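Note sheet for the following structure.
Order of appearance sets the numbers: ligands from 1, and atoms from 1 within every ligand. FYI, side chains are in, hydrogens and waters are out, and symmetry mates aren't considered; it's all heavy atoms of this structure. Please read these numbers as outputs of a predicted model, since none were measured by experiment.
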Amino acid sequence: MPEIIIGSDHGGFKLKNIIIAHLKELGFEIKDKGCYSEESCDYPVIAKDVAEEVLNSGNKGILICGTGIGMSIAANRYKGIRASHCTDTYTARLTRMHNDSNILCLGERITGSGLALDIVDIWLKSEFEGGRHLKRINMF
Ligand code: RB5
């Protein structure tokens with residue numbers, strides 16, 4: 001099973017722990033880049049750590065904050081990162097198939113944990129289609 005790189009700020013800490021437990025149960029290795037408590041912290045710091053680890057390892061990453069938006073804006077600053085903020089399973093599937101998304105961003109204050117776990121599962125299972133979509137992501 002591949003290793004998943006995961007991170008959150010305080011706003012995503014609870015959902016992160018739910019996702020970690022779920023992925024461990026499925027047999028994934030997890031690298032947790034923080035934060036490690038609900039104490040207030042800065043999401044761009046965590047986004048940078050996860051983005052760099054995703055780029056270095058070639059593994060996928062998951063970032064969670066209150067809305068999922070700050071994490072996605074921050075992670076997409078790093079060349080080679082295609083971070084997707086998803087609130088439904090359709091976009092989670094399509095962003096893998098068409099955008100070869102390598103980081104999934106979720107908002108703990110937006111998406112309930114049941115739906116969030118479905119989004120995670122579908123995002124991890126869906127494959128990039130390549131072809132015309134590869135040509136397009138190479139234009140980024
Ligand atoms: C923290 O309060 C909150 O701003 C953060 O988790 C995130 O939602 C930012 O986009």
Ion pair E108/K16, N-O distance below 4.0 Å: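 Between K16 and E108 there is no salt bridge, as every charged N stays at least 4.0 Å from the carboxylate O atoms.
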Check: C41 main-chain N/O paired with H10 side-chain donor or acceptor under 3.5 Å: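 Yes, because the side chain of H10 sits within donor-acceptor range (under 3.5 Å) of the backbone of C41.
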Backbone of M71 reached by a side-chain donor or acceptor of D9 within 3.5 Å: no
Over 12 non-hydrogen atoms of neighbours within 6.0 angstrom of OH in Y90: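 No.
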Residue E29 excluded, over 12 heavy atoms near CD under 6.0 Å: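 No, because the 6.0 Å sphere around CD of E29 holds 12 heavy atoms or fewer from other groups.
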I'd like a table of the close N/O pairs between ligand 1 and the protein (anything under 3.5 Å), one pair per line with both atom names and the distance.
| residue | atom | partner | partner atom | Å |
| --- | --- | --- | --- | --- |
| ligand 1 | 2 (O) | R109 | NH1 | 3.4 |
| ligand 1 | 6 (O) | D9 | OD1 | 3.3 |
| ligand 1 | 6 (O) | D9 | OD2 | 2.6 |
| ligand 1 | 6 (O) | G66 | N | 2.8 |
| ligand 1 | 8 (O) | G66 | N | 3.2 |
| ligand 1 | 8 (O) | T67 | N | 3.0 |
| ligand 1 | 8 (O) | T67 | OG1 | 3.2 |
| ligand 1 | 10 (O) | T67 | OG1 | 3.4 |
| ligand 1 | 10 (O) | G70 | N | 3.0 |

Rounded distance [0.5 Å steps], CD1 in I18 versus CG in L23: 12.0 Å
